[in-house]
Amino acid sequence: MPIPAAEGKAWGIVFGEEFAKAPAPYFGVNIFDVLASNWDPLLKNVHQQLEMVKQFGGRSHLWTVRDHGRRKRVLWVNYYPQSLAAYKEQMPEFADGPIWKEFCDLVESYQWFCTTEQPSTEP
C-alpha cells in the first residue's frame, strides 16, 4: 500500500527540522520497501531525487538492496558535508512536489532519519 499523502507531506517538515538543527556533516538515512513491480519506476524517481541531493551539495554514500522476492528493502544513505539549514523552508515544498508524491506512491513503507558523522561506529 502506498504511503498516504498526509504522511508523505509530513516528511517534508521532518526533513526541514532535522536538517536545520543537525550539525554538519551528516547523513540522511532512507529505509524503504518497494514491490518488485514498482522497481523500475522507483529507480527513475531515485535518480531524480539524487540530482536534488547533488544540488544541495550532497552525494549518495550508500545504496544497498535486499531482495525478498515480491518485495525489495532498500537502505539509501546520502552524505551532506554542509548544513542544509538555509533550505529548511524548501523541504515542505519538496514534499508537496511531484517527485516526492510519485516516490510515496511507489513505496510500501518509508523511514528516514538524520545522523551526524561520527568518529566511531561503536556505541
Side-chain angles (χ1 to χ4, degrees):
M1 183 167 119
I3 303 299
E7 182 180 335
K9 189 174 182 174
W11 276 111
I13 296 167
V14 173
F15 298 151
E17 292 296 322
E18 289 296 314
F19 278 138
K21 70 181 182 183
Y26 44 64
F27 297 93
V29 180
N30 302 272
I31 303 168
F32 55 91
D33 292 319
V34 59
L35 295 177
S37 58
N38 288 338
W39 185 246
D40 289 336
L42 176 98
L43 288 177
K44 289 178 186 176
N45 180 280
V46 166
H47 283 289
Q48 291 176 306
Q49 289 190 54
L50 184 54
E51 289 306 311
M52 296 176 77
V53 168
K54 290 176 183 177
Q55 288 177 6
F56 289 133
R59 64 174 169 78
S60 187
H61 177 74
L62 175 67
W63 172 271
T64 185
V65 181
R66 296 288 297 175
D67 191 336
H68 298 284
R70 195 176 144 261
R71 182 182 305 253
K72 297 175 188 275
R73 174 157 289 162
V74 178
L75 170 64
W76 179 28
V77 181
N78 293 310
Y79 178 72
Y80 300 90
Q82 300 170 0
S83 174
L84 296 185
Y87 300 103
K88 179 180 178 179
E89 301 307 318
Q90 290 179 305
M91 298 301 171
E93 292 173 17
F94 166 73
D96 274 334
I99 294 171
W100 183 248
K101 286 181 181 177
E102 179 187 51
F103 177 83
C104 290
D105 286 343
L106 292 170
V107 299
E108 298 295 302
S109 67
Y110 180 74
Q111 188 58 246
W112 180 87
F113 62 95
C114 180
T115 183
T116 55
E117 187 173 47
Q118 300 294 318
S120 170
T121 57
E122 297 175 20

Could you state the interatomic distance from [atom1] ([X]) to [atom2] ([Y]), rounded to the nearest 0.5 Å?
X     : Y      : atom1 : atom2 : result
Arg73 : Ser109 : CZ    : OG    : 5.5 Å
Asn38 : Leu43  : CG    : CG    : 11.0 Å
Ser60 : Gln49  : OG    : CD    : 11.0 Å
Thr64 : Ile31  : OG1   : CD1   : 11.5 Å
Glu18 : Leu84  : CD    : CG    : 12.0 Å
Leu42 : His47  : CG    : NE2   : 9.5 Å

- Measure from the ring center of Phe103 to the ring center of Trp11 and say whether it is less than 6.0 Å. no
- Item | 4.5 Å side-chain heavy-atom contact, Pro25 and Tyr79 | yes
- Message: If you define the side chain from C-beta out and look only at heavy atoms, does anything of Trp63 sit under 4.5 Å from Leu50?
- Response: no
- Scan Asn78, Val77, Val74, Val107 and name whichever one has a side-chain contact (heavy atoms from CB on, under 4.5 Å) with Asn30. Asn78
Spell out, yes or no, whether [X] and [Y] are grouped together once hydrophobic residues are joined by side-chain heavy atoms under 4.5 Å, including indirect joins.
X      : Y     : result
Leu106 : Val65 : yes
Phe32  : Leu75 : no
Val14  : Met52 : yes
Trp112 : Ile3  : yes

How close do [X] and [Y] get, counting heavy atoms only, and between which atoms?
X     : Y      : result
Pro41 : Ser37  : CD-O, 4.4 Å
Ala22 : Cys114 : CB-SG, 3.8 Å
Ser83 : Ala24  : N-CB, 3.4 Å
Pro81 : Gly57  : CD-O, 3.3 Å

Counting distance only, does the side-chain N/O of [X] pair as donor-acceptor with the main-chain N or O of [Y] below 3.5 Å?
X      : Y     : answer
Asn45  : Ile99 : yes
Lys9   : Pro92 : no
Tyr26  : Phe19 : yes
Trp100 : Gly8  : yes

- Message: Using side-chain contact (heavy atoms from CB on, under 4.5 Å), reason through Met91 and Ile13 one step at a time and then give a plain yes or no.
- Response: CA-CA 7 Å; Met91 298 301 171; Ile13 296 167; over 6 Å; no
- Is atom CD of Gln82 surrounded by more than 12 heavy atoms (other residues, nucleotides or ligands) closer than 6.0 Å? no
- Message: Quick check on ring pair (Phe, Tyr, Trp, His ring centres under 6.0 Å): which of Phe56, Phe94, Tyr80 does Tyr87 satisfy it with?
- Response: Phe56
- Item | Criterion side-chain contact (heavy atoms from CB on, under 4.5 Å) on Val53 and Arg59, from CA distance to verdict | CA-CA 6 Å; Val53 168; Arg59 64 174 169 78; 5.6 Å; no
